[in-house]
Amino acid sequence: MSAGKNPSAIVFDLYDTLVPGGSRAVRDGVSHAMARDLGVDPEAFAEAIRDSFDARCRGTLGDLHQTLFHLAEQFGTQPERAALDAAAERRLELHRSLLAPATGVLETLGRLRRSGYRLGLISDCSAETPMLWRESALAKCFDVTVFSCEIRARKPDRALYRRAAASLGVEPGDCLYIGDGASDELAGAERAGMTALKISVEHIDARTQTDRRELYGVRSWRGRVIHDIADLPALLEKAAGDDLN
Ligand SMILES: [Mg+2]
């Protein structure tokens, strides 16, 4: 961590930070099955899902059913409710599986809260994530969540970081932000006044890495990096100790 006072709150990214983002192959496989439900071309639909990432994250295509209807309409199809339900359920099932955190993640978040840190979450996400959030074991770990599709802004928009800090009842300067770095989120957090720390936890295949760069515009990061969230409590304790000396 860089200089600055010790944080009283920690703000986390979600995908590829606390839970996997899912490989390109798995995501496309789900998109292909959804396309068959909706009666559209599987490959083209998978591209449409990918191409709509920005709009879906900004919440401009509506809820999940509205989004799927809109995407299917691009192919000249107006699917029936049952087809939309089937496709939506596949997408929800994918995200249910993604939103199941590893035991170590829950343990660390619990430890941080018991140490007195307030915890926030900022996620660039489409409608599925807030729909499923309360089902996830992660939900009870957080004091505050900011979902891009709900506030209609994406990282690194300063509004997300400010919203998280204000909801936590602290200044941005009191927050440590932790994420994998997608969408320029780390530099964005620092521009908003937070201290940022990169976490690099997932070993993803080359095709998925390319996918991530295309979708999220991952930037280089010269600041501190950790490779296991379990290292965080000790890092914070050390930083607090250094500050006292
Ligand atoms: Mg991420």
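Sequence positions, counted from 1, serve as the residue numbers for this chain. Just follow the structure's listing: the first ligand is 1, and inside any ligand the first atom is 1.
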Lys/Arg N to Asp/Glu carboxylate O, Asp174 vs Arg118, below 4.0 Å:
no
With the Mg ion (ligand 1) as the point of reference, which N/O/S atom of Asp13 is the closest?
OD2
Got an N, O or S from Tyr15 under 2.8 Å of the Mg ion (ligand 1)?
yes
Taking 4.0 angstrom as the limit, do Asp124 and Arg154 come out as a salt bridge?
yes
Under 4.0 Å between a side-chain nitrogen and a carboxylate oxygen: does that hold for Arg24 and Glu47?
yes
In Arg90, Glu93, His95, the residue satisfying side-chain contact (heavy atoms from CB on, under 4.5 Å) with Val30 is Arg90
Asp180 N/O/S atom closer than 2.8 Å to the Mg ion (ligand 1)
yes
